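Notes for the one structure printed next.
Treat the numbers as computed from the prediction; the structure is a model and nothing was measured.
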Amino acid sequence: QVQLVESGGGLVQPGGSLRLSCAASGFPVDVYAIGWFRRAPGKEREGVSCISSSDGTTPYADSVKGRFTISRDTTKNMVYLQMSSLKPEDTAVYYCAADRSRTYGDACLRVDYDYWGQGTQVTVSS
């Protein structure tokens with residue numbers, strides 16, 4: 001049974017950092033496409049970053065490029081999102097997602113993901 005559990009959200013001041021974690025079970029994180037998404041109040045869900053299953057490419061949304069870094073630890077079956085230089089507009093619920101599709105390049109941002117975590121709230125405010 002595939003399960004994804006996010007953690008690490010919280011309240012942080014602008015310019016601060018947070019690291020989100022996604023504990024995966026039921027599948028190996030280096031085989032599935034893995035993505036981080038977010039939904040801000042009143043806005044549509046946005047793909048933040050992902051890891052393509054076939055070539056390990058890690059594309060980023062333009063809004064977070066240079067500030068966020070996605071990574072995975074296959075020994076722990078975990079996926080992380082390191083967020084730095086946080087801005088108020090990064091405030092959202094962040095979700096981890098997984099999919100069995102074989103993806104290359106930035107296609108992992110456009111996959112209709114099969115599995116989702118429950119989300120973790122990130123609030124950037126002074």
Side-chain angles (χ1 to χ4, degrees):
Q1 182 181 355
V2 173
Q3 191 171 16
L4 300 165
V5 180
E6 302 96 333
S7 61
L11 174 64
V12 62
Q13 292 188 340
S17 299
L18 277 178
R19 188 178 80 157
L20 304 183
S21 299
C22 175
S25 58
F27 71 99
V29 296
D30 59 345
V31 173
Y32 281 30
I34 300 288
W36 282 100
F37 295 78
R38 66 185 181 186
R39 187 189 297 273
K43 295 187 177 181
E44 291 190 357
R45 189 177 64 202
E46 176 188 22
V48 175
S49 183
C50 56
I51 304 176
S52 270
S53 55
S54 296
D55 60 9
T57 302
T58 54
Y60 295 87
D62 287 342
S63 57
V64 307
K65 221 171 270 187
R67 300 187 298 120
F68 290 13
T69 303
I70 191 171
S71 63
R72 64 188 175 194
D73 184 335
T74 57
T75 63
K76 298 179 180 179
N77 220 41
M78 298 281 293
V79 181
Y80 305 99
L81 186 68
Q82 178 67 48
M83 306 185 295
S84 304
S85 302
L86 283 161
K87 305 175 182 180
E89 51 263 43
D90 294 318
T91 295
V93 178
Y94 284 72
Y95 299 90
C96 177
D99 194 88
R100 289 168 289 185
S101 300
R102 292 183 61 81
T103 58
Y104 297 85
D106 64 358
C108 57
L109 281 175
R110 298 186 294 276
V111 166
D112 186 13
Y113 280 77
D114 288 330
Y115 306 102
W116 293 84
Q118 83 288 349
T120 185
Q121 176 72 47
V122 172
T123 303
V124 185
S125 174
S126 54

Once rounded to the nearest 0.5 Å, what's the spacing between atom OG of S85 and atom CZ of F68? 9.0 Å

So, does S84 use its side chain to make a donor-acceptor pair with the main chain of S17 at under 3.5 Å? no

Nearest non-hydrogen partners of Q118 and V5, listed with the distance: OE1-CA, 3.8 Å

Donor-acceptor contacts under 3.5 Å from residues 23-33 side chains, at least two apart:
none

Establish, from distance only, whether the side-chain atoms of S63 and E46 form a donor-acceptor pair under 3.5 Å. yes

Checking Y95 side chain against G35 main chain: does a donor-acceptor pair fall under 3.5 Å? no

Minimal heavy-atom distance between G47 and A61, with the atoms involved, is O-CB, 3.3 Å

Say whether, by atom type as modelled, one donor and one acceptor occur between the side chain of S125 and the main chain of L11 under 3.5 angstrom. no

Where do S52 and G105 come nearest, in terms of heavy atoms and distance? OG-O, 2.6 Å

Quick one: do V122 and V79 end up in the same hydrophobic cluster if we chain Ile, Leu, Val, Met, Phe, Trp and Tyr together by side-chain heavy atoms under 4.5 Å apart? yes

Between T58 and C50, is there a donor-acceptor pair closer than 3.5 Å when you use the side chain of the first and the backbone of the second? no

Between T91 (side chain) and V124 (backbone), is there a donor-acceptor pair under 3.5 Å? yes

Distance col, row I34:CD1 vs S53:OG, nearest 0.5 angstrom, shows 9.0 Å

Could you see if I70 belongs to whatever hydrophobic cluster contains V111? Use Ile, Leu, Val, Met, Phe, Trp, Tyr and a side-chain cutoff under 4.5 Å. no

Atom SG of C108 and atom CG of D55: how far apart are they, to the nearest 0.5 Å? 8.0 Å

For a 4.5 angstrom cut-off between non-hydrogen side-chain atoms, does M78 reach Y80? yes

Hey, are the side chains of D112 and D99 touching, using non-hydrogen atoms and a 4.5 Å cut-off? no

Does the distance from a Lys or Arg side-chain N to an Asp or Glu carboxylate O, for K87 and D90, drop under 4.0 Å? no

More than 12 heavy atoms of other residues, nucleotides or ligands under 6.0 Å from NZ of K43: is that the case? no

Sub-3.5 Å donor-acceptor pair from the side chain of T57 to the main-chain atoms of Y104, do we have one? no

Over all atoms of both residues, closest heavy-atom pair of A92 and Q121: O-NE2, 3.4 Å

Cluster question for you: counting only ILVMFWY and a side-chain heavy-atom cut-off of under 4.5 Å, with indirect links fine, are W116 and W36 together? no

CG of D114 to OG of S101, rounded to nearest 0.5 Å, is 6.5 Å

Can you tell me how far the CG atom of L18 sits from the CE atom of M83, to the nearest 0.5 Å? 4.5 Å

Calculate, to the nearest 0.5 Å, the distance between atoms CD and SG belonging to E6 and C22 respectively. 5.5 Å

Applying side-chain contact (heavy atoms from CB on, under 4.5 Å) between V48 and each of Y94, F37, Y60, report the one that passes. Y94

Is there a path of hydrophobic side-chain contacts, each under 4.5 Å between heavy atoms of I, L, V, M, F, W or Y residues, that connects V64 with L81? yes

